[in-house]
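Per chain, numbering begins at 1; letters A, B, ... match sequence-line order.
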Amino acid sequence: MNNVTLVRKEPSESLFREDGLRLDGRGLDELRPIRMEVGVLNNADGSAYVEHGKNKIVAAVYGPRELHPKHLALPDKALVRCEYRMATFSVEERKSPAPGRREVELSKVIRESLEPAIFVYKYPRATIDVFVQILQADGGTRCASITAAALALADAGVPMRDLVVGCAVGKIEGKVAVDLSDVEDKLGEGDIPMALMPTKKVITLLQSDGDFTPEEFKQALEMGIAACEKIYEMQRDILIERYSKVREEVAEEQEEE
Amino acid sequence: MNNVTLVRKEPSESLFREDGLRLDGRGLDELRPIRMEVGVLNNADGSAYVEHGKNKIVAAVYGPRELHPKHLALPDKALVRCEYRMATFSVEERKSPAPGRREVELSKVIRESLEPAIFVYKYPRATIDVFVQILQADGGTRCASITAAALALADAGVPMRDLVVGCAVGKIEGKVAVDLSDVEDKLGEGDIPMALMPTKKVITLLQSDGDFTPEEFKQALEMGIAACEKIYEMQRDILIERYSKVREEVAEEQEEE
Amino acid sequence: MNNVTLVRKEPSESLFREDGLRLDGRGLDELRPIRMEVGVLNNADGSAYVEHGKNKIVAAVYGPRELHPKHLALPDKALVRCEYRMATFSVEERKSPAPGRREVELSKVIRESLEPAIFVYKYPRATIDVFVQILQADGGTRCASITAAALALADAGVPMRDLVVGCAVGKIEGKVAVDLSDVEDKLGEGDIPMALMPTKKVITLLQSDGDFTPEEFKQALEMGIAACEKIYEMQRDILIERYSKVREEVAEEQEEE
Amino acid sequence: MVGLSEVTSAIEREHISSLLVHGKRIDDRGLFEFRNIEVEVSPIEKAEGSAQVVLGGTKVVAGVKVDVGPPFSDTPNKGVLTCNAELTPIASPFFESGPPDEQTVELARVVDRGIRESKAVDLEKLVLIPGEKVRVCFVDVYVLDYDGNLFDASEIAASVALMAAKVPEVEVNEDTGEITVLDKKQLLPISNIPVSATFAKIDGVLVLDPCLKEERVQDARITMTSTQEGNICAFQKGGIGTITLEDVDTVIEVVKEKAEPVRDLIRELTKEVRGEI
Amino acid sequence: MVGLSEVTSAIEREHISSLLVHGKRIDDRGLFEFRNIEVEVSPIEKAEGSAQVVLGGTKVVAGVKVDVGPPFSDTPNKGVLTCNAELTPIASPFFESGPPDEQTVELARVVDRGIRESKAVDLEKLVLIPGEKVRVCFVDVYVLDYDGNLFDASEIAASVALMAAKVPEVEVNEDTGEITVLDKKQLLPISNIPVSATFAKIDGVLVLDPCLKEERVQDARITMTSTQEGNICAFQKGGIGTITLEDVDTVIEVVKEKAEPVRDLIRELTKEVRGEI
Amino acid sequence: MVGLSEVTSAIEREHISSLLVHGKRIDDRGLFEFRNIEVEVSPIEKAEGSAQVVLGGTKVVAGVKVDVGPPFSDTPNKGVLTCNAELTPIASPFFESGPPDEQTVELARVVDRGIRESKAVDLEKLVLIPGEKVRVCFVDVYVLDYDGNLFDASEIAASVALMAAKVPEVEVNEDTGEITVLDKKQLLPISNIPVSATFAKIDGVLVLDPCLKEERVQDARITMTSTQEGNICAFQKGGIGTITLEDVDTVIEVVKEKAEPVRDLIRELTKEVRGEI
């Protein structure tokens, strides 16, 4: 903005505290607080809400359902589509409502990270639509989006061979650390967003920017896999809780009858 | 515009003259001069031109006709569509040719004000398209557009259970007055665009902005209805004139044969 | 650009040298150096590359092929489509990647200059798609594009009643001269882009801007036709060369078998 | 949304209608009763102000971002306020991605009119350098779940987000025109609290705060926004049915009674942050 | 417009063509005769200049708006002129809403070239502060009824609108660069009056000012715009047919005779407002 | 590209796959062998820098244009670098005109990341007046023929175009902020040469630099971009298959060996213009 000076708090000089922990008190392999909720929306076939650090993300799934226009349909499998969108107020400077190039790319890689887990050949000519809305962004949105979208897919009853769980690993002041926060992401030396199919232990998303030696990169992947496995525990727990709740509700309804 | 100072005539201090009449010499319940013409275009199935104050408006109707693409068609009734567009030169500052949000909203409310009068169930799967082009805008364009569009619908021979006629009522210097001019609209305290199916005496458009007490609002509606009824007289007269002209022409043609 | 002063070489005072020749040493009826290549791309059904002065142009043709969406198909003949696009770096100031109005118009006139030469009635319901990419622009791009596109059509085996060849004629310092270069185009008094079906000797593109007396205009057309005929020689030679090469390759392959 | 009413079976319509003649609604509410309203204040820390509103099964989030920019050339002495709505496909299988459609634009513009015409935000106080620099307020409403009556849910969310907003104080150097954004925060200047009330007209009967099932069979929709003085600052008839003077009278009467509790709720929710009643 | 010629029956084409071989047209005009031209000068008071032109069954309205803005960086000493056309769906069932298509862009650009290349508007005189502030003229043509030959109708409308335009005088403070828009009006600096003549070529025969029925069966279209000196300032062949040198000769000959009466009409119509012959 | 893999016959896939289990490829290359790379340096005289790269049957042209403009507000002390890609319909019957699709955006952004994260261009040195005027570099890649592996062809073309670019020197008057563009040219400040290597994973087997036939049947794609120090500056998995830690190990090992010869080629090609090794 022309002629407008921003006086902002200087970022602290180091991303580590004197006791060696990260600014928010975490160790190198520690995740930010994560909260998950499933079935948060009425209209979508499946939905989930994930808070990961200050990320606040809603994911919704429709399908498998009929595809319009029909000529887009695939003869042998379901078409998986994904839209990743950030709310205008989700970031420091207001974002234009129109999707930018980053949102287009992330829609693609999120879709490609989810599709390997879906039994797409069960639904030829159908579509499975995944929508991700970032209400607040705080570093690692694409990874938390994948965690949320996988929950929404499960909530929609889409048959899957595995869940998918996302987490980023980065490098701050020369050290590999999992799950960078916003400030770590901005001041750090690199970021590796990844996603895992946890029971198969295969990677479905892997990107990187910044500067990593091959050794750092491999170390990062191993730490990332471990972090993803922790998040997967939470995913599984929340789904079990959800199923038992649904089962209870059904049981109660039957009793009432 | 940066560094450009506009020296414009100061708007007069009051919207009323010393004799109590409005700046253009009207009383509170008096309409601006209105001129209507029907069948002004060759290609459209029906058309009308309305001058209402300095508003200059052309309306055209196509249909009932086949709808493309077909999947938009409604199984049980005609789809009514409406586009309201302002010419770039219709307003003080040149308008971009691309439709803005105001034009999108007005297209919707004009359509919703006309459809109640149309026997849409006579034409399942068809479309009736209404186009309104504002050549010059002068306060109350949407209302005058409805008056013009209803004439064009009648001219196209679309079966209607009633005409529709539009007029705005506003508040200037604390007084409720019909049919605000541009300057009254800008400096006044509120504006209520409305449309009436005159023989049924039901309202098909009602919007409001500004500040009205409930009493003022009700008074405004009553004055608006009375004003609409006056415009309706003109609408009816011009249609009768048009029909008799057409009848004469047909008769002449038959004589010639 | 605000506050940015460009110090550029002053354009020379005259577009003619002391010896009466043009700045690049050409006479009034002389063409710039032209280089043509056919079959330069693997994926297109036909393709050509043309350098005409500093113009560098790739043309590609697909078809006759099935048309999607089908409702655009013509019942009695092939639909010819054309897209003319300039690379962002093809001109002095970077061009936006989105097509501008000039590109839209040129796409139309190039298409209309090619279609007369194509036996479109042989392929009802099909489409023939012509794509022209300007890699570098240097005056007369549309004409050189037509030359290139006609070669690509021939290379694709699209049945044609004639080739098409383009060349511009202009007016510089009061003199009619063929094939203006960039600087001549900018500083000259007018430009007439034209295209010819050379064996039929009919004109398929003719535009003009600038200021020409009727006599100059007619003189320009005659010079343009002569210039087009020279380029046609090159077109024919390159196609003969291409065919014999293809024939040789086929022969070699048969020998190998 | 074209074709939506068509797919709703005539049976559904008859069911709703037959209840209404007995003064009953499909979800057992009174004709002029709002559904449950739950509001979360400031859920989005990165927005200057925000609110999530759950109205029955409808859920919206509004966020306010405030920037510095030039005023509109015809209002050099006013700040800029812009309302925008996004009907995300998350909220309904009938919402599609892409540029805003008629329904979205109408929602945004009716919410905008309510705020603007009630003078909820005192735009004159947002001027930093007259004619040159003013505060620019963006109010963006995201619909997350659609169960009818987006208007009232969005209007409440927008009002709460604006009232809860904290924007950085700025210092203006009037000589150089330079603006320094300080670390200290201040509230937005709020002069009024508009409250909208939306009615569905079904077979001649008006009901307040229609749910989706009711909206699908409604003939007309009426939204009326009132100021804290009880005046009408915005009115919008929607839908392809008609309304009568009597309908307008009814709406005015109901609003007199039903708007104030909503306004009280908004005041209560933002009391703490604004430090006032 | 794709497919339009296809739907026109071969019978229609044969009918028109068989008349043409006898030198006759379906509306009884001579081959090189314009239809009736009716012009309304300045129908749009809010535009700086405007004109409505009815050419046979074709009706267009042109409006001129003049603003102040920066020049193009490659022409710092010239004002800015922009022509735009809108083929509104009002004018024809074959015109669609949306961003301008090929046909619309061609129309706008051919009208633009006629005005620009004839130096109708003296752009050098529109400079206020060289390289910084110039007058920006928008010429917008709206087609209201389409019965063939949009080119000539639009060119006449644009010319009359420009000649009839009255723009506010301005005062430039060369020290501060401030521009004051005065209440007094002045004419635009007009140096030439371009007149275009459009021909359809049908089965080898050229006709001037084709009506829609003729356009639908034409093989090629030729538009030639001439200056008041009789020079050619714009030429545009359209359509998928071919033309010959003889066609061009014919066009040039016809224009010699037919352009001047149109130019006289334009002069006559704007004589009063411009206070000159 | 939706549906592309579906139309490729299962037979083609089986053929490629059955060769791969024997360590063979359909074009007889080794698993980790690049196709022939031909580079033309500076084919586009009007671009500040340019390069045409032919990689097997894939052909791309990259052009660099450099302008002067404001920096991004969050990086006032850095020049601006923008990568853009165009998948022209010329290059493949599967590419369509229109705004950039997912595939195009991904290509542009991966090339961009390689250049940006390797600090290939020293953006700090592109600042003219901090916070106000910097050089703006546009790198535009046009794909002319598509036979697989657009990533590596584009990355090479972009690198060569940047290294070969000659931009006019400028003089900055720090008092007035005026910038004078001189006639003398200088090179862009280049700090690193990123090289990307793209692999297709087909039935569990990784191959370097896939051709189109291989891409059509690939399960996943891996692009890894390395710096001249041997570090990883960009990584991108694509496609709907999965990859393993072992795949990543393999990729890292292959890149160690295969990236340097490409980097040497780029150095060699631009040695003359840059006057350095």
**Q.** Electrostatic pair E/Glu102:C/Arg111 at N-O distance under 4.0 angstrom
**A.**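 Judged by the 4.0 Å cut-off on N to carboxylate O distance, E/Glu102 and C/Arg111 do form a salt bridge.
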
Q: Supply the atom-to-atom distance C/Glu222 CD to E/Leu245 CG, rounded to the nearest 0.5 angstrom.
A: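 The distance works out to 6.0 Å.
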
Output side-chain donor-acceptor pairs under 3.5 Å for residues 191-204 of chain C, partner residues at least two apart or in another chain, one line each.
from, atom 1, to, atom 2, distance (Å)
C/Thr199, OG1, C/Asp162, OD1, 2.9
C/Thr199, OG1, C/Asp162, OD2, 2.7
C/Thr204, OG1, C/Ser113, O, 2.9

Are any non-hydrogen side-chain atoms of [X] and [Y] less than 4.5 angstrom apart?
| X | Y | answer |
| --- | --- | --- |
| E/Lys119 | C/Asp211 | no |
| E/Glu229 | C/Thr213 | no |
| E/Asn231 | C/Phe212 | no |
| E/Glu106 | C/Arg101 | no |

Q: Go through the atoms of C/Leu114 and report whether side chain, backbone, both or neither lie under 4.5 Å from a heavy atom of chain E.
A: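 No part of it gets close to chain E.
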
Q. Which bit of C/Lys108 is near chain E, if near means a heavy-atom gap under 4.5 Å: side chain, backbone, both or neither?
A.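 Both backbone and side chain of C/Lys108 come within 4.5 Å of chain E.
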
Is it the side chain or the backbone of [X] that comes within 4.5 Å of chain C heavy atoms, both, or neither?
| X | value |
| --- | --- |
| E/Ile252 | side chain |
| E/Glu253 | side chain |
| E/Asn84 | both |

Q: For C/Lys54, look at atom NZ and say whether over 12 heavy atoms of other residues, nucleotides or ligands are found less than 6.0 Å away.
A: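 Atom NZ in C/Lys54 is not crowded, with 12 or fewer foreign heavy atoms closer than 6.0 Å.
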
Q.
Below 4.5 Å, heavy-atom pairs only: which of C/Val109, C/Leu221, C/Asp209 has the largest tally toward chain E?
A.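 The candidate making the most pairs under 4.5 Å is C/Asp209.
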
Q. Counting only N and O atoms by type, is there a donor-acceptor contact under 3.5 Å from the side chain of C/Glu112 to the main-chain atoms of E/Gly239?
A.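 At least one qualifying donor-acceptor pair exists.
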
